[in-house]
Number of protein chains: 2
Amino acid sequence: MKYDQLKLENQLCFPVYAASRLITREYQPYLDELEITYPQYLVLMILWEKDEMPVNDIAKKLILNTNTITPLLKRMETQGLVNRERSKEDERKVIVKLTEIGNELKEKAVLIPERLASQLLEGPMGVEELIRLKEDLGKIINHLLRK
Amino acid sequence: MKYDQLKLENQLCFPVYAASRLITREYQPYLDELEITYPQYLVLMILWEKDEMPVNDIAKKLILNTNTITPLLKRMETQGLVNRERSKEDERKVIVKLTEIGNELKEKAVLIPERLASQLLEGPMGVEELIRLKEDLGKIINHLLRK
DNA sequence: TGTGATTTAGTCTCCTGCGATATAATTATG
DNA sequence: CATAATTATATCGCAGGAGACTAAATCACA
């Protein structure tokens, strides 16, 4: 059939798109407990690893534009999770850092990856396959970023 | 280190999330030519394969809620890509079908998957690996939908 | 030193994506 | 037949995500 490549099932794009939403959905109940959203969780993970980062560094790590990250960070500031203040050295930069509350969330969040991992492992894929999947996606991400 | 599992790089979720956005971004220039968005393209692919579907069937295929798909379809109707009309047999149903214009877009769209595929194949992964990746994601999607 | 380019954030606007809820049509059941 | 449950779609409100653009600070270099 001439248009076979236009079938949804034959494309890589759709599974990536669908899996992304389904995985986010899977996080939802755990994130609800902490009263944060999935992108907020990603920001927190970055800051837990290295506190005090300029907006742009966070955007780069998450591969997001500043017009996405700025309102996100503002909402997080309103919720009392982070502080935002201009850098003294370079006044173009806004340094984002965790509040006490943001820092304390780490203790509760530490269980989330374990729970997710065990949920995924209930499925047909083993640890090695999931790691390979992660690495394969990493290859695609690097390839697309390189251009 | 106690919190290693909270590092961004150690989680599967983030690569899926990032790859999804990057791939969509890769489609953008091609979709811009057709003046459609990525989710609109997904809807069209479904209708190109089987025209005249109720809203709910489209939503299920795309794993989207009706509150996402309804405004999407309305915008597509405004753009003249599809028609929406209530089913005679079951008046709860709204049947979505392609317009002449929506149908003709198929001819132009047929090149998109080829272009995307060749772009991905410029990267470090071969056809077999990409197919395996698609299947692995399919396994995860099925597992998460099953629950 | 001055000025044009670059960097960094932010704003505006539009399109998703979804939880909660509403409404109307249909089906199931006592 | 009546009404409760289910199904199909839509609405409301909020949080992303991104393109196009603006503004301010800093940098590069003639």
Side-chain angles (χ1 to χ4, degrees), chain A residues 13-14 16-29 31-32 35-44 53-79 81-82 84-96 144, chain B residues 13-14 17-29 31-33 35-43 53-79 81-82 84-96:
Chain A
C13 59
F14 178 67
V16 180
Y17 166 77
S20 173
R21 281 181 295 108
L22 285 173
I23 292 176
T24 305
R25 206 180 283 182
E26 215 60 28
Y27 274 88
Q28 209 53 58
L31 298 176
D32 284 348
E35 296 182 296
I36 55 177
T37 65
Y38 180 69
Q40 290 176 1
Y41 171 65
L42 295 178
V43 170
L44 288 174
M53 289 188 95
V55 174
N56 216 21
D57 289 16
I58 297 174
K60 279 202 181 108
K61 284 224 176 211
L62 296 183
I63 318 177
L64 284 173
N65 296 331
T66 61
N67 49 3
T68 298
I69 213 82
T70 294
L72 182 59
L73 291 171
K74 282 188 166 183
R75 279 187 291 268
M76 292 178 76
E77 189 178 35
T78 305
Q79 291 171 252
L81 297 172
V82 300
R84 296 159 62 248
E85 52 188 50
R86 294 239 163 233
S87 161
K88 293 284 187 298
E89 299 82 50
D90 184 342
E91 294 211 344
R92 293 171 306 179
K93 293 186 181 175
V94 168
I95 307 297
V96 181
L144 293 179
Chain B
C13 59
F14 178 66
Y17 166 78
S20 173
R21 281 182 296 106
L22 285 173
I23 292 176
T24 305
R25 206 180 282 181
E26 216 60 28
Y27 274 89
Q28 208 54 57
L31 297 176
D32 283 349
E33 285 178 31
E35 295 182 296
I36 55 177
T37 65
Y38 180 68
Q40 290 176 0
Y41 171 64
L42 296 178
V43 171
M53 288 189 94
V55 175
N56 216 22
D57 289 15
I58 296 174
K60 279 204 182 104
K61 282 224 176 211
L62 296 182
I63 318 177
L64 285 172
N65 295 332
T66 61
N67 48 1
T68 297
I69 213 81
T70 294
L72 183 59
L73 292 172
K74 283 188 165 182
R75 279 187 291 269
M76 293 178 76
E77 189 178 35
T78 305
Q79 291 171 254
L81 296 172
V82 299
R84 295 159 63 249
E85 52 188 49
R86 294 239 164 232
S87 162
K88 293 283 187 299
E89 299 82 49
D90 184 342
E91 292 212 345
R92 292 171 308 176
K93 292 186 182 175
V94 170
I95 307 298
V96 182

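Computed from a predicted structure; not experimentally measured. Every chain is numbered from 1, with letters handed out A, B, ... down the list of sequences.
Atom OH in B/Y17 sits roughly 3 Å away from atom P in D/dG17 (whole-Å rounding). Rounded to an integer number of Å, the gap from CZ of A/R75 to P of D/dC14 is 12 Å. Look at CD1 on B/I58: it is 11 Å from P on D/dA10, rounded to the nearest Å. One can place CG of A/L62 at 12 Å from C1' of D/dG17, the figure rounded to the nearest angstrom. D/dA18 atom P lies 14 Å from atom CG of B/L31, rounded to whole Å. Taking atom CG of residue A/L64 and atom P of nucleotide D/dG17, one finds them 6 Å apart after rounding to whole Å. Taking atom CD of B/Q28 as the reference point, atom C1' of D/dG17 lies 11 Å away to the nearest angstrom.
Both A/D57 and A/R21 lie near DNA chain C, and the one whose nearest nucleotide falls closer to the 5' end is A/D57.
OP1 or OP2 of D/dT11 has not a single side-chain nitrogen or oxygen of B/T70 nearer than 4.0 Å. Contact annotation: B/N56 side-chain N/O to D/dA8 OP1/OP2 distance is under 4.0 Å.
When DNA chain C is scanned in the 5' to 3' direction for atoms under 4.0 Å from non-hydrogen atoms of chain B, the outermost contacting nucleotides are C/dC15 to C/dT26.
Between B/Y38 and B/Y27, the two ring planes are tilted [angle within 30° to 60°].
Counting only N and O atoms by type, the side chains of A/E35 and A/Q79 include no donor and acceptor under 3.5 Å apart.
With hydrogens and angles ignored, the 3.5 Å screen pairs a side-chain donor or acceptor of B/R86 with a backbone N or O of B/R92.
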field: Per-nucleotide protein contact string for nucleotides 20-28 of chain D, where B marks a base within reach and S marks sugar-phosphate only (heavy atoms under 4.0 Å, - for neither)
entry: B----BS--

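The end-to-end axis angle of the helix from C/dT1-D/dA30 to C/dG30-D/dC1, rounded to 10 degrees and based on five pairs per end, is 10°.
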